[in-house]
Chemist: 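This is the structure I want to talk about, given as structure tokens.
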Amino acid sequence: DAAASHNPDEQDIERESGLAKLIYQDDAGNELRGTYYGYRDDVDTDIDSLPGSGRFINTTRLHGDDHVDFDLYAAQYRMNSNRWVDSAIVRAYYGSTNVRQNTIDERGLSDPAVRLDRQFNFSQDTSGLGIDLLRSFHTGTVEHRVGVGGEWQEQDLEESRYATALDLDS
């Protein structure tokens, strides 16, 4: 039976991801770490099971093209004692996310029949830097440990939505 073997909601999905790490330690025990993580996701979808029912009662074709990119770079340096501090950690990172969604919604059963093309775009870049310092000292027989640190983060966010309607009857 041809109808039984037909997949009503076909999707073409392509995904890639990767992770890389680097760790270096010198003779003094100081350590540098670097990390990269990223993925790509592309999904192309034709939805045949929803048109004609529910909120898609007038829809005769529904197609989606979605794309996601994500990249994260991070570095950390851990330093053992020197003349200024007993230990220190410095961190930095940068992450980028991009999303693109394109949707075609043909409403052939509406009056007038229309084709709606919708686009949604989103991007976010995040950068950060952090530092933690630890210092010990004695006053008489009492040992004191003082830690200080700070974090800075910045984000840039952009989002856009765009849509057009085309009269299919004219």
Side-chain angles (χ1 to χ4, degrees), residues 7-50 54-56 62-105 116-164:
N7 180 359
D9 297 330
E10 293 185 16
Q11 284 190 322
D12 180 17
I13 301 171
E14 292 182 29
R15 288 192 173 119
E16 298 176 348
S17 64
L19 173 67
K21 287 188 170 194
L22 169 71
I23 300 173
Y24 171 76
Q25 191 171 55
D26 65 16
D27 293 338
N30 299 313
E31 184 177 87
L32 176 64
R33 292 177 172 254
T35 303
Y36 167 78
Y37 173 67
Y39 71 83
R40 312 280 175 271
D41 196 13
D42 286 301
V43 181
D44 192 35
T45 307
D46 282 311
I47 303 292
D48 293 330
S49 64
L50 292 178
R55 75 178 192 103
F56 299 101
L62 190 58
H63 175 80
D65 177 21
D66 302 323
H67 177 79
V68 176
D69 277 328
F70 173 77
D71 293 293
L72 175 64
Y73 302 89
Q76 176 177 294
Y77 181 67
R78 183 179 51 82
M79 180 177 29
N80 289 328
S81 69
N82 60 38
R83 61 187 250 204
W84 303 104
V85 295
D86 293 329
S87 67
I89 298 175
V90 178
R91 294 172 303 283
Y93 60 89
Y94 171 77
S96 177
T97 302
N98 293 293
V99 176
R100 184 192 77 239
Q101 295 176 326
N102 296 316
T103 304
I104 297 171
D105 181 355
L116 303 174
D117 292 328
R118 294 187 298 268
Q119 296 176 349
F120 170 71
N121 296 298
F122 172 86
S123 70
Q124 177 177 312
D125 294 326
T126 303
S127 302
L129 184 64
I131 186 167
D132 297 315
L133 307 170
L134 182 64
R135 177 74 176 172
S136 299
F137 63 93
H138 290 85
T139 55
T141 59
V142 178
E143 179 182 7
H144 304 275
R145 299 183 78 188
V146 177
V148 296
E151 295 284 334
W152 167 83
Q153 181 176 328
E154 178 178 287
Q155 287 186 320
D156 181 27
L157 183 95
E158 293 181 21
E159 182 178 315
S160 68
R161 295 174 188 270
Y162 178 76
T164 59

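Here the structure is a predicted model, which is why all the values come from computation and not from measurement.
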Chemist: Between CZ of Arg100 and CG of Asp42, what distance do you get to the nearest 0.5 Å?
Modeler: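 Rounded to the nearest 0.5 Å, the CZ-CG separation comes to 7.0 Å.
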
Chemist: Go through the structure and list residues passing side chain to side chain contact (heavy atoms under 4.5 Å, CB included) with Trp84, not counting sequence neighbours.
Modeler: Asn82

Chemist: Is there side-chain contact between Glu14 and Glu16, with at least one heavy-atom pair below 4.5 Å?
Modeler: no

Chemist: Between Asp71 and Gly38, which heavy-atom pair has the shortest distance, and what is it?
Modeler: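 Smallest interatomic distance, heavy atoms only, reads OD1-CA, 4.1 Å.
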
Chemist: Give the minimum heavy-atom separation between Ala88 and Leu133, together with the two atoms involved.
Modeler: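 Smallest interatomic distance, heavy atoms only, reads CB-CD2, 3.5 Å.
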
Chemist: Have a look at His63 and tell me which of Asp44, Thr45, Thr103 forms a side chain to side chain donor-acceptor pair (under 3.5 Å) with it.
Modeler: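 Of all the options given, the one that passes is Asp44.
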
Chemist: Decide yes or no for Arg118 and Arg161: does some side-chain heavy atom of the first lie under 4.5 Å from some side-chain heavy atom of the second?
Modeler: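 A side-chain contact is absent here, since even the closest heavy-atom pair is not under 4.5 Å.
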
Chemist: Side chain to side chain contact (heavy atoms under 4.5 Å, CB included) between Thr35 and Tyr93: does it pass, once the steps are laid out?
Modeler: CA-CA 9 Å; Thr35 303; Tyr93 60 89; over 6 Å; no

Chemist: Per the ring-ring contact (aromatic ring centres under 6.0 Å, His included) rule, what does the pair list look like for residues 119-148, sequence neighbours excluded?
Modeler: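 Qualifying pairs, neighbours excluded: Phe137-His144.
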
Chemist: Going by salt bridge (Lys or Arg N to Asp or Glu O under 4.0 Å), name the pairs with one or both residues in residues 85-96, residues two or more places apart or in two chains.
Modeler: Arg91-Asp132, Arg91-Glu151

Chemist: Among residues at least two apart in sequence or on other chains, which ones pass side chain to side chain donor-acceptor pair (under 3.5 Å) with Tyr94?
Modeler: Asp125

Chemist: Where is the tightest heavy-atom contact between Asn98 and Ser123, given as atom of each residue plus distance?
Modeler: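 Nearest heavy atoms, Asn98 then Ser123: OD1-CB, 3.0 Å.
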
Chemist: Write down the atom of Asn102, the atom of Asp66, and the distance for their closest heavy-atom approach.
Modeler: N-OD1, 4.3 Å

Chemist: Going by the rule side chain to side chain donor-acceptor pair (under 3.5 Å), which residues pair with Asp69 if we only count those two or more places apart in sequence or in a different chain?
Modeler: Arg40, His67

Chemist: Contact between Asp41 and Phe70 at the side-chain level, heavy atoms closer than 4.5 Å - yes or no?
Modeler: no

Chemist: When rounded to the nearest 0.5 angstrom, what distance separates CD in Gln153 from OG1 in Thr126?
Modeler: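 Atom-to-atom, Gln153:CD and Thr126:OG1 are 6.0 Å apart.
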
Chemist: Identify each donor-acceptor pair in which a side-chain atom of residues 18-32 lies under 3.5 Å from a protein atom, sequence neighbours left out, and give them as a table.
Modeler:
{"unit_1": "Asp26", "atom_1": "OD1", "unit_2": "Ala28", "atom_2": "N", "d": "3.0"}
{"unit_1": "Asp26", "atom_1": "OD1", "unit_2": "Gly29", "atom_2": "N", "d": "3.0"}
{"unit_1": "Asp26", "atom_1": "OD1", "unit_2": "Asn30", "atom_2": "N", "d": "2.9"}
{"unit_1": "Asp26", "atom_1": "OD2", "unit_2": "Asn30", "atom_2": "ND2", "d": "3.3"}
{"unit_1": "Asn30", "atom_1": "OD1", "unit_2": "Asn80", "atom_2": "N", "d": "2.7"}
{"unit_1": "Glu31", "atom_1": "OE1", "unit_2": "Arg33", "atom_2": "NE", "d": "2.8"}

Chemist: Nearest 0.5 Å please: distance from the CG atom of Leu72 over to the OH atom of Tyr36.
Modeler: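 Separation between the atoms: 9.0 Å.
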
